[in-house]
Amino acid sequence: MGCGASIPKKCKVGGKGKKRRSIIQEVAVFVPTIRIPVDSDVVHPLRGLVSKELVDRLSKFRDRVVALSEEIYCADVLDVSELQHALEEYLPVVLGLTVKESRLEGSVEFRWRTLDDDQECCLSSAWYEVLSVVHMMAMLALFEANLILIPKNGQIGGERKVSEDAKKDVVDSLLRASGCLDYCVHRILVQIPAQVKKSFPSYLQEGMLEAISVQALAQCLEIQLGLASECEKATLSVKRRLACELVSYFSQAHYCLSGCDTSDSCGKKLLLFLKWKCMEAKAVAYYYHGHVLDKGNEASNHISAVCCLSAADDLLADSKRACLSFCLANPITRVPPPWGIMKNMHKKIPDAACKRFQMYGYLFEQDKNSALQSLPDLPEFALSLKPEGYELPSTDSIWDNVDSQPQIQSLKEHLDDEDEVETK
């Protein structure tokens, strides 16, 4: 588990147990964990139960995913797309094992491991394999979004300059990731027996999957808010609404983790990330809420506006400390430069708070005990973003002629299978 972006772009992964040279990288989109498949024996368990052609197809597609996965941390966007395509080819084939009529759901032990700490989870469950594949597709979509946003010139800590088209691509990736994870929670986990789920690693917990799905929506809205802040046609009310929604999304993601085991570094890092981003979102929401209130003509409007802008200033300072805590947590990530909506807020919020207090500070002196001097609640709005719809593909047609009866092999075919396994 951990953040994919903390692994260097130029590195040698090389498989389990081999050291990687670690260079601390920036994070734009947080990738909680990337798990990859490990070589698993699919030939012996299925021999005599299905055709050799089917076993070969299953083994071939999975081996390709394994090979492409090993170097994912050194990949660019095209490499990620190639791996996504390999997963999409493999998924219809492995889905055949989940069909009840085939009676093969628990016939193969599938092995997966996390890239940064080499922790393995091996389970004899085809639904576990399907869950892991769709989960990996979601993590790759987050990883792809992060690659698009991080500067390509290698200048660490510099200003992020991302085109609007690139930001739209990032939004598409985030919505896709959210959709895959939402499907995992509501359509795949329910297929897996409770005793199997007890063996799941923490990052496959239902609450964890839900939290990351909502986090993806939040980071999607964060980009939209940044675009709105740069648009002259976007009104203060629109910007406030988006900022308040952003607070709700990050708060909801944090709430999803309340019943999860977050004692490992993956859980701790995710909690710190959500805390940091929620503070940032609240700072922006109070900034815009203060400006909306300040348009009123009553003294109470100005007092509430000063309270909001002062709260925004305090939250901004707290968010900087929360950012540092997140970056220092294992695995360590570089403190990112302000970008998107926060690019100008680091100056706008303190300036606005100071200016409004200078203008309306006398109102506080006139009635120091006034209830109007308490911080008003942020308005609540209906959430506008939903996960992108995702559906599993149809089972590969190679399964059409497979039933629950064992396949009869000739002695020559059986011996040929033995030779192939021994040479691998």
Side-chain angles (χ1 to χ4, degrees), residues 34-69 81-113 121-141 176-197 199-201 204 206 209 213 387-407:
I34 290 185
R35 305 166 62 243
I36 64 170
V38 180
D39 287 330
S40 302
D41 182 9
V42 300
V43 176
H44 273 97
L46 296 177
R47 178 181 297 145
L49 300 178
V50 296
S51 69
K52 184 176 183 298
E53 179 188 6
L54 197 158
V55 174
D56 288 345
R57 187 173 179 83
L58 185 67
S59 180
K60 172 188 173 183
F61 282 179
R62 195 176 195 278
D63 287 347
R64 174 165 170 74
V65 173
V66 170
L68 291 173
S69 299
S81 298
E82 184 180 6
L83 179 51
Q84 285 275 22
H85 181 66
L87 289 167
E88 291 167 1
E89 282 189 323
Y90 171 57
L91 193 52
V93 185
V94 75
L95 270 173
L97 294 174
T98 67
V99 178
K100 290 183 179 180
E101 290 75 14
S102 70
R103 301 179 186 177
L104 298 172
E105 201 279 330
S107 58
V108 178
E109 182 182 67
F110 292 102
R111 301 169 59 207
W112 286 73
R113 68 177 173 86
C121 179
C122 311
L123 291 172
S124 298
S125 168
W127 277 117
Y128 165 69
E129 178 78 346
V130 171
L131 174 67
S132 297
V133 169
V134 180
H135 177 266
M136 185 179 188
M137 291 167 65
M139 295 303 104
L140 287 178
R176 187 168 69 250
S178 182
C180 288
L181 292 167
D182 187 69
Y183 190 90
C184 286
V185 171
H186 295 107
R187 300 292 294 277
I188 300 181
L189 281 180
V190 296
Q191 305 287 344
I192 302 175
Q195 63 268 26
V196 175
K197 286 190 280 192
S199 302
F200 276 7
L204 290 183
E206 180 176 333
L209 298 177
S213 175
E388 183 180 283
Y390 176 79
E391 293 291 336
L392 287 175
S394 301
T395 303
D396 194 293
S397 59
I398 198 171
W399 287 93
D400 290 348
N401 297 321
V402 174
D403 55 29
S404 58
Q405 300 301 316
Q407 303 292 310

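Computed over heavy atoms, backbone and side chain alike; hydrogens, waters and symmetry mates excluded.
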Only pairs at least two apart or in different chains count here, so list each ring pair (Phe, Tyr, Trp, His ring centres under 6.0 Å) that has a residue in residues 83-106.
none
Residues at least two apart in sequence or cross-chain that pass ring-ring contact (aromatic ring centres under 6.0 Å, His included) with F110, listed by chain then number, are none
Any residue meeting salt bridge (charged side-chain N to carboxylate O under 4.0 Å, His left out) with E82, in chain and number order, not counting sequence neighbours:
R64
For Q195, what residues pass the side-chain contact (heavy atoms from CB on, under 4.5 Å) criterion, not counting sequence neighbours?
P193
One should read off an interatomic distance between I34 CD1 and H135 NE2, to the nearest 0.5 angstrom, of 9.5 Å
Within this structure, what is the CE-CG distance for the pair M136 and L83, rounded to the nearest 0.5 Å?
4.5 Å
Residues in side chain to side chain donor-acceptor pair (under 3.5 Å) contact with Q191, at least two apart in sequence or another chain:
none
Looking at W399 and V93, would you say the former's side chain and the latter's main chain have a donor-acceptor pair under 3.5 Å?
yes
Test item: S59 side-chain N/O and D56 main-chain N/O as donor-acceptor pair under 3.5 Å
no
All salt bridge (charged side-chain N to carboxylate O under 4.0 Å, His left out) counterparts of E53, not counting sequence neighbours
none
Under the side-chain contact (heavy atoms from CB on, under 4.5 Å) test, which residues partner P45, sequence neighbours left out?
D41, V108
Partners passing salt bridge (charged side-chain N to carboxylate O under 4.0 Å, His left out) against D182 (at least two apart in sequence or in another chain):
none
Would you compute the distance between atom CG of L392 and atom CD1 of I188 and round it to the nearest 0.5 angstrom?
5.0 Å
Which residues pass the ring-ring contact (aromatic ring centres under 6.0 Å, His included) test with F200, sequence neighbours left out?
Y128
Can you tell me if E388 uses its side chain to pair, donor with acceptor, with the backbone of A177 under 3.5 Å?
no
Could you list the residues that satisfy side chain to side chain donor-acceptor pair (under 3.5 Å) with E105, not counting sequence neighbours?
S125
Verdict with supporting geometry, L123 and E109, side-chain contact (heavy atoms from CB on, under 4.5 Å)
CA-CA 5 Å; L123 291 172; E109 182 182 67; over 6 Å; no
For W112, all residues meeting side chain to side chain donor-acceptor pair (under 3.5 Å), sequence neighbours excluded:
E129
Going by the rule side-chain contact (heavy atoms from CB on, under 4.5 Å), which residues pair with S40 if we only count those two or more places apart in sequence or in a different chain?
R62, R111
